[in-house]
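Please read the structure below before turning to the comments.
So that the names make sense, note that chain A is the first sequence line, chain B the second, and so on, each numbered from 1.
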There are 2 protein chains.
Amino acid sequence: MLAVARGAFAELGYSGASMNEIAGRAGIRKPSLFHHFPTKEALYVEAVGAALAPLGELVAEASRSTGDFGARLDRLSEMVVDYLSAHPETARLLVREVLDSGPFLSAGGKQTVGAILGAVGEFLEQGMRAGAFREQDARHLALSIIAVHLFYWAADPLSGAQIEGSIFEAAEVASRRAAVVEHVRALVRVAT
Amino acid sequence: MLAVARGAFAELGYSGASMNEIAGRAGIRKPSLFHHFPTKEALYVEAVGAALAPLGELVAEASRSTGDFGARLDRLSEMVVDYLSAHPETARLLVREVLDSGPFLSAGGKQTVGAILGAVGEFLEQGMRAGAFREQDARHLALSIIAVHLFYWAADPLSGAQIEGSIFEAAEVASRRAAVVEHVRALVRVAT
DNA sequence: GTCTATACATCGATAGAC
DNA sequence: GTCTATCGATGTATAGAC
């Protein structure tokens, strides 16, 4: 049910996805949907939170682990690509939310997002201090890396414009994964 | 008038920005707005087209010029950053449009966007053939570069989360411009 | 060109039967 | 828990006076 809402909000946006539309996709009527969630906002906030949490977990895992920074970075890149490609609505939903400064960010989600952003920055700065990543502005670096990850999946009408199938097809995902690993490496200028 | 609409659509999205809201911002009433544009869609398509055109011109200029690929790439990066930072609504509006597969893309704008994307790809491939850029998938490279450019300005609540002022302030723009030039260079792996 | 007034659909949300 | 029916507000768009 949250999954249905996530899909609708991702596809149509917060104001574009009506409770009627979401209920219809879930195979029930509008008042039944209001029985499970007090307001549209509450439904939306839960849907975004559920979509964001696994990404925070991936970042935390990369921060928590030890060893070679380059290998940890590559692994994080791959895990994020795999997650975003396996859940096609997620990137779109998250990008929409930051564009809107939407109900999720307004309702305490700013802390969750800030924590994830901070963890990414912390990881990058550790790598710089260790000499594995080139010294540079960690904030701009983190934002560019996040951009590379999210934009491609969120903008699939643009990303898939010149290919025949879907960007979420296995072969295309593998192609993007390889490209992202390479691009993120280049951005941090990992010593190879 | 188009500028007002651009701002409203960028801030609130296509379905979130009502004709009443736009008319109010322009200092007139709703029917007066309908006198200038036959439908909401027509107003929106014109607004997006006007926002996109200058970016296409910048890419065309970079393609058209001759000389060192690294220098042309740096100049293009700087020009794009300057344009997007000087028109704070633009990136948000364009990102929204690709997320929505909105009225602009549906109404023939797909060709305009495809042409720009193609020109970027062409420029990158020329640089690769010339040995100035590292050989790689030009499509994925172009999308990552576009992501680095657009996402930062579009997601300003995220981009500006850890700084005190606005990301559109002069000092912050200069900081981002330097970072973007560096990041795009790293992505293409320009030989320095 | 801009206005008041309005038509008609859909929005989020609620009441109350089953 | 799900439904029909409905409330009041707001959406796009139009009619017609000035």
Acceptor/donor pairs from residues 116-127 of chain B side chains to any protein atom, 3.5 angstrom cut, sequence neighbours excluded:
none

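- Heavy-atom neighbours of A:Arg177 CZ from other residues, nucleotides or ligands within 6.0 Å: above the threshold of 12.
- Straight-line distance from the CG atom of A:Asn20 to the P atom of C:dT14: 16 Å, rounded to whole Å.
- Proximity of a side-chain donor or acceptor of A:Ser159 to a complementary backbone N or O of A:Ala155 within less than 3.5 Å is detected.
- Rounded to the nearest 0.5 Å, atoms CG (B:Asp100) and OH (B:Tyr14) are 10.0 Å apart.
- When rounded to the nearest whole Å, the span between CE of B:Met19 and P of C:dA7 equals 21 Å.
- Side chains of B:Phe69 and B:Val188 form no contact here, defined as non-hydrogen atoms less than 4.5 Å apart.
- Taking atom CZ of A:Phe9 as the reference point, atom P of C:dC11 lies 12 Å away to the nearest angstrom.
- If you take NZ of B:Lys40 and P of D:dT14, they are 15 Å apart, rounded to a whole angstrom.
- We find that CD1 of B:Ile22 is positioned 12 Å from C1' of D:dG11, with the value rounded to whole Å.
- Salt-bridge check for A:Glu46 with A:Arg6: failed, with every basic side-chain N at 4.0 Å or more from each acidic carboxylate O.
- The stretch residues 24-39 of chain B touches DNA chain C through B:Ile28, B:Arg29, B:Pro31, B:Ser32, B:His35, B:His36, each having a heavy atom under 4.0 angstrom from the strand.
- Distance CG (B:Leu12) to P (D:dT10): 15 Å, rounded to an integer number of Å.
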